[in-house]
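First the structure, in the form of structure tokens, and then the observations on it.
Since we're looking at a predicted model, the values are computed, not measured.
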Amino acid sequence: KELPKNAKMLTLFSWMNTKNGSDRVMISKKIFGYNYYGKFYNGILNEYKGEKIGKGTILVPAEHSSIFYKLFRQYRIKVVIKTIIEIDSH
């Protein structure tokens, strides 16, 4: 079926913390960004207009989900992935 014009496909990623501390920090910096000497460096979540839903849970536009999936694969982090259809009722 075709999606209505006011619908968006989103992908939900949910993961648990990894035991490896350096991997945890690196993936956090890549996803959420970081401050370094007063300058903020954006993460890919901001770059691709995603949003943090909760601890270890993000929601991103489906067209950019492969970028996030590759990042989780790179760090061998187990992730639960769900596809969501959001319909704007306005």
Looking only at heavy atoms, which two atoms of [X] and [Y] are closest? And how far apart?
{"X": "P61", "Y": "L10", "result": "CA-CD2, 3.9 Å"}
{"X": "L45", "Y": "K52", "result": "CD2-N, 3.8 Å"}
{"X": "I85", "Y": "A7", "result": "CG2-CB, 4.1 Å"}

Judged by atom type as modelled, is there a donor-acceptor pair below 3.5 Å linking the side chain of N6 to the main-chain atoms of D88?
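Looks like yes, one N/O pair under 3.5 Å.
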Do you reckon [X] sits in the same ILVMFWY cluster as [Y], going by side-chain contacts under 4.5 Å, direct or chained?
{"X": "W15", "Y": "I67", "answer": "yes"}
{"X": "I58", "Y": "V80", "answer": "no"}
{"X": "F13", "Y": "M16", "answer": "no"}
{"X": "M9", "Y": "L12", "answer": "no"}

L59 side chain near T11 side chain, heavy-atom distance below 4.5 Å
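Side chain of L59 against side chain of T11, heavy atoms only: no contact under 4.5 Å found.
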Any side-chain heavy-atom pair from V79 and F68 closer than 4.5 angstrom?
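Sidechains of F68 and V79: no contact.
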Mind jotting down which residue pairs meet the side chain to side chain donor-acceptor pair (under 3.5 Å) criterion with at least one end in residues 65-83? Sequence neighbours excluded, please.
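Qualifying pairs, neighbours excluded: K30-Y75, Y69-R73.
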The criterion is ring pair (Phe, Tyr, Trp, His ring centres under 6.0 Å); which residues satisfy it with Y34, sequence neighbours excluded?
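In terms of ring pair (Phe, Tyr, Trp, His ring centres under 6.0 Å), with neighbours along the sequence ignored, Y34 is linked to Y41.
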Nearest 0.5 angstrom please: N46 CG to N42 CG, how far?
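Separation between the atoms: 4.0 Å.
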Working note: L71 + I44, criterion side chain to side chain contact (heavy atoms under 4.5 Å, CB included); need CA distance, chi angles, decisive distance, verdict.
CA-CA 10 Å; L71 183 65; I44 61 173; 3.9 Å; yes
